[in-house]
Every structure is written in C-alpha cells, then in structure tokens.
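Everything quoted here is computed from the prediction, not taken from an experiment.
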Amino acid sequence: MSPDTIAATPARPTERTKARARAARNRRFLVYGSRVVLLVAVIALWEILARTKAIDPFNFSMPSKIWEQIRDWAVHGTAQGSLWEQIWYTLYEALLGWIIGVLGGVVLGITLGRIRFLADVLGPYIKVLNAIPRIVLAPIFLIWFGLGPASKVASAVVLVFFPVFFNAFQGAREVDRNLVNNARILGASNRRVTLQVVVPSATSWIFTSLHVSFGFALIGAIVGEYIGATKGLGLLVAASQGTFNAAGVYAAMVILAVVALLTEGLLTFAERRLFRWRPSEPGTER
C-alpha cells in the first residue's frame, strides 16, 4: 500500500459521515418544507372556498376571520377576562390533572406490575373502570366539586391515569428477568430492584404514554369548562357556540392546538435528552 493510499484512507469515513449528515439535513428541510406547504395550501383552499361561498362561511368561517378573532382576544380581551388568563387557567387545570394522573398511574402501574397478587385482586376492577366512558364523568365531577378548577382537574386525572397506568404496568412486566435475577444475586432488596432496575426499564414505556396523556388532560379540562366554568378556553368555545360565532370556536381550537404542540415539543426534547443512549430506529428522525 502506497503512502498516498494510507494518507487517504482515514478521510473516507469522514466523507461518508458528512454525506450522511448532509442527506439527513436535506431530508429534514424537505419534510419541514412539505409540512409548511401543506398547511398553507389547506388554509388558502379554506379561505377561497369560504369567500366564493362554495362552503357556508357562517358555519365554517374562514382563516382570516379566525385570525382576526384571535388578535381581537389578544388585544382587547374576552368577556371572561384577558386571553392569556383563559389560556393559563386551562393550562393550569390540564397540567395539574396531568401530573396527578401520571404520578398515580406510574405508582400503581409499577406496584401492580411487581406484585402479582395485587394485580390479580385489583385487575378486574381497573378493567371495569377503564371501560366506563370517562367523559361522562365530567358532569358528576361538576356536581361534586362545583364550577372551580377542581372538577376540571378531576376530569383530566381520570383521562390521564389509565393510559399511563397500563404502560407502566406493561413496562414493569416486560423487564428483563436476567437483570432482576442478577440484581438479586448481588444482594439487592425488593425496593432497590424496583427503583434501580424496574423503574428505569419501564421509563421508555411511561414516556410513550406521556405524549398521548397530556392531550387527554387538555381534553378533560376543556370538556369540564365547556359544561360549566367561570374561566378557560372551554368556556370561550361554549360562549362562541352560544352566539353562533364559528370564528370564535375555531380560534379557541387553534390556540389549544398551539398549546398541545408546544407541550409535545417539550416532551420530545426531554425524551431525547433522557434517552440519548438509545439508537435511532431506521427511517425515523431523532
């Protein structure tokens, strides 16, 4: 092998790595660009159809009126107070319900996943409770806790708890038995096995449920506010519906979508930071 060949050999992996990084970057730009184009196309088509009366603008409104409604709320406030107060009120209820539901689901899921006797005893009752349409509990919570945030938090908790519970339970059951046995051989107690082996192994299962569960928390808060509240985005939806203000209904939905997307982004960022050791799956972006 000539000196020139030896000198050129180390550069090959570097060029290959750069090419892969460049291809990944180009693909990201293509994906994000396609998303923007699709969104703009849908909004433009909606606006055109509404302005040409191809669809009824009274019922379907139009993006320009929705934007005007959001701007009006942001500048002049709503009948219930400032827009930011309504957003914070709903977000507070959803966050509190989400935290309580996640903690309860994780603790009970890990516990029943580790203690088979409790799982056998409580399993049928949990399945029955899970089979109940939980949205219909919102009026009951309103009767119990009144128009304040407690009834909305309760609605969020019952929607969040079950998906988190079942993922935590399955994660605890799917732990590699060799890891558990090795920990026991090294003298680890049941508590240490649970905290240092089972919980870390189940974390990926739990994080999977977190992405879905916060959306459920928002749904619980919004439904509770829609049925009866003094503040919140759900109340804006109900008030807009009561005055046949389609733009107001869509405007509240757009604000909710933005809040949900921002929260999803934060959860994704936290997951990537926590699971930096996990390799990316083929064909996925991480």
**Student:** What residues form a side-chain hydrogen bond (donor to acceptor under 3.5 Å, both in side chains) with Asn130, not counting sequence neighbours?
**Tutor:** Arg134

**Student:** In Å, rounded to the nearest 0.5 Å, how long is the span from CD1 of Ile87 to CG of Leu256?
**Tutor:** 8.5 Å

**Student:** CZ of Phe166: more than 12 outside heavy atoms within 6.0 angstrom?
**Tutor:** yes

**Student:** Would you mind reporting whether Leu30 and Asn26 have side-chain heavy atoms less than 4.5 Å apart?
**Tutor:** no

**Student:** Which salt bridge (charged side-chain N to carboxylate O under 4.0 Å, His left out) pairs, counting each pair once, include a residue from residues 241-255, with sequence neighbours left out?
**Tutor:** none

**Student:** What distance separates Leu83 CG from Ile70 CD1, expressed to the nearest 0.5 Å?
**Tutor:** 8.5 Å

**Student:** So do the side chains of Leu95 and Phe214 get within less than 4.5 Å of each other, counting heavy atoms only?
**Tutor:** yes

**Student:** Would you say the side chain of Ser82 lies within less than 4.5 Å of the side chain of Gln86, judging by non-hydrogen atoms?
**Tutor:** no

**Student:** Run through the side-chain heavy atoms of Ile, Leu, Val, Met, Phe, Trp and Tyr, join any pair under 4.5 Å, and report what else lands in Ile43's cluster.
**Tutor:** Leu39

**Student:** Keeping to residues at least two apart or across chains, list the side-chain hydrogen bond (donor to acceptor under 3.5 Å, both in side chains) pairs with something in residues 147-168.
**Tutor:** none

**Student:** Can you tell me how far CD1 of Ile227 sits from CG of Leu235, rounded to the nearest 0.5 angstrom?
**Tutor:** 12.5 Å

**Student:** Quick one: salt bridge (charged side-chain N to carboxylate O under 4.0 Å, His left out) pairs with a partner in residues 77-99, sequence neighbours left out?
**Tutor:** Glu85-Lys231

**Student:** Hey, what else clusters with Val40 if you join Ile, Leu, Val, Met, Phe, Trp, Tyr whenever side-chain heavy atoms sit under 4.5 Å?
**Tutor:** Val36

**Student:** Tell me which pairs pass salt bridge (charged side-chain N to carboxylate O under 4.0 Å, His left out) where either residue lies in residues 233-246, with sequence neighbours left out.
**Tutor:** none

**Student:** Are the side chains of Ile126 and Phe162 in contact, using a 4.5 Å heavy-atom criterion?
**Tutor:** yes

**Student:** Is the shortest side-chain heavy-atom distance between Ser240 and Val249 below 4.5 Å?
**Tutor:** yes

**Student:** Which side-chain hydrogen bond (donor to acceptor under 3.5 Å, both in side chains) pairs, counting each pair once, include a residue from residues 212-229, with sequence neighbours left out?
**Tutor:** Thr90-Glu225, Trp98-Ser213, Tyr226-Gln241

**Student:** Of all residues at least two apart in sequence or in a different chain, which pass the side chain to side chain contact (heavy atoms under 4.5 Å, CB included) check with Glu47?
**Tutor:** Arg51, Met62, Pro63, Ser64

**Student:** Which residue pairs pass the ring-ring contact (aromatic ring centres under 6.0 Å, His included) test with at least one member in residues 36-82, sequence neighbours excluded?
**Tutor:** Trp46-Tyr250

**Student:** Is the shortest heavy-atom distance from the side chain of Ile135 to the side chain of Leu159 under 4.5 Å?
**Tutor:** yes

**Student:** So among Val107, Leu112, Val102, Val106, which one has a side-chain contact (heavy atoms from CB on, under 4.5 Å) with Phe165?
**Tutor:** Leu112

**Student:** Between CZ of Phe117 and CG of Leu122, what distance do you get to the nearest 0.5 Å?
**Tutor:** 9.0 Å

**Student:** With a 3.5 Å cut-off and sequence neighbours excluded, list the donor-acceptor pairs that the side chains of residues 136-148 form with protein atoms.
**Tutor:**
none

**Student:** Which residue pairs satisfy the salt bridge (charged side-chain N to carboxylate O under 4.0 Å, His left out) criterion with at least one member in residues 55-82, sequence neighbours excluded?
**Tutor:** none

**Student:** Does any non-hydrogen side-chain atom of Thr17 lie less than 4.5 Å from one of Arg20?
**Tutor:** yes

